[in-house]
Engineer: 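Supplied in structure tokens, the structure appears directly below.
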Amino acid sequence: QVQLVESGGGSVQAGGSLRLSCVGSGLSLSRYCMAWFRQAPGKEHERVATLSRDGSSNYADSVKGRFTISLDDGRNAVNLQIDSVRPEDSGTYYCASRGVTSSRGCALWRPLGRDEWGLGTQVTVSS
């Protein structure tokens with residue numbers, strides 16, 4: 001059974017840090033384009049970071065310099081380090097996998113095949 005499970009969310013004060021983790025089962029995350037998205041009430045679903053199979057990463061302008069996506073191959077996990085958090089970073093964070101193989105295609109999240117999604121982890125940032 002293919003599954004992505006996010007963890008690491010919680011409440012944090014502005015300026016603090018969080019580390020989100022997405023653990024995969026039934027699929028090897030290093031073989032996929034991986035992404036983190038977030039959804040806040042009243043806001044659009046936003047893709048905040050992607051990580052391609054060759055290790056290339058791409059970030060939304062709103063999070064550049066503060067978010068870092070990385071692969072933990074030993075745990076079959078993709079992490080999202082969030083530093084200098086802001087209240088506007090609050091929301092539910094989801095990880096997703098997609099079969100696109102090129103780094104550019106991954107950065108653009110080009111459609112290819114079936115996506116897998118986790119159920120999300122909630123992040124709340126207080127000012």
Engineer: Please name the pair of heavy atoms, one in Ser17 and one in Gln81, separated by the smallest distance, quoted to 0.1 Å.
Structural biologist: CB-NE2, 3.9 Å
Engineer: Test question: given the 4.5 Å side-chain rule for I, L, V, M, F, W and Y, name all other residues clustered with Met34, or answer none.
Structural biologist: Val2, Leu4, Val12, Leu18, Leu20, Leu27, Leu29, Tyr32, Trp36, Val48, Leu51, Tyr59, Val63, Phe67, Ile69, Leu71, Val78, Leu80, Ile82, Val85, Tyr93, Val123, Val125
Engineer: What's the spacing between Ser25 OG and Asn76 CG if we round to 0.5 Å?
Structural biologist: 8.0 Å
Engineer: Check whether Gln3 reaches the backbone of Gly26 with its side chain - one donor and one acceptor, N or O, closer than 3.5 Å.
Structural biologist: no
Engineer: If the condition is side chain to side chain donor-acceptor pair (under 3.5 Å), which residues does Asp54 pass it with, not counting sequence neighbours?
Structural biologist: Ser52, Ser56
Engineer: Using the side-chain contact (heavy atoms from CB on, under 4.5 Å) rule, take Ser7 and Arg19 through it: C-alpha gap first, then chi angles, then the decisive distance, then the call.
Structural biologist: CA-CA 9 Å; Ser7 64; Arg19 186 176 183 86; over 6 Å; no
Engineer: Any chance CG of Leu119 has more than 12 other-residue heavy atoms, nucleotides or ligands included, within less than 6.0 Å?
Structural biologist: no
Engineer: Output every pair passing side chain to side chain donor-acceptor pair (under 3.5 Å) with a member in residues 102-112, not counting sequence neighbours, ordered by first then second residue.
Structural biologist: none
Engineer: With salt bridge (charged side-chain N to carboxylate O under 4.0 Å, His left out) as the rule and sequence neighbours excluded, what pairs involving residues 82-94 come up?
Structural biologist: Arg38-Asp89, Arg66-Asp89
Engineer: Hey, what's the ring geometry for Tyr94 with His45, parallel, tilted or perpendicular (30° and 60° as the breaks)?
Structural biologist: perpendicular
Engineer: If you define the side chain from C-beta out and look only at heavy atoms, does anything of Ser62 sit under 4.5 Å from Glu46?
Structural biologist: yes
Engineer: To the nearest 0.5 Å, what is the distance between CD on Glu6 and CG on Asn79?
Structural biologist: 12.0 Å
Engineer: Suppose clustering is done on Ile, Leu, Val, Met, Phe, Trp and Tyr with side-chain heavy atoms closer than 4.5 Å. Which residues sit in the same group as Val100?
Structural biologist: Leu112
Engineer: Among all residues two or more places apart in sequence or in another chain, which pass the salt bridge (charged side-chain N to carboxylate O under 4.0 Å, His left out) test with Asp72?
Structural biologist: Arg75
Engineer: Could you check whether any side-chain N or O of Thr121 sits under 3.5 Å from a backbone N or O of Gly9, counting only pairs where one atom can act as donor and the other as acceptor?
Structural biologist: yes
Engineer: Passes side-chain hydrogen bond (donor to acceptor under 3.5 Å, both in side chains), Gln122 versus Thr92? Steps please.
Structural biologist: CA-CA 4 Å; Gln122 179 69 36; Thr92 303; 2.7 Å; yes
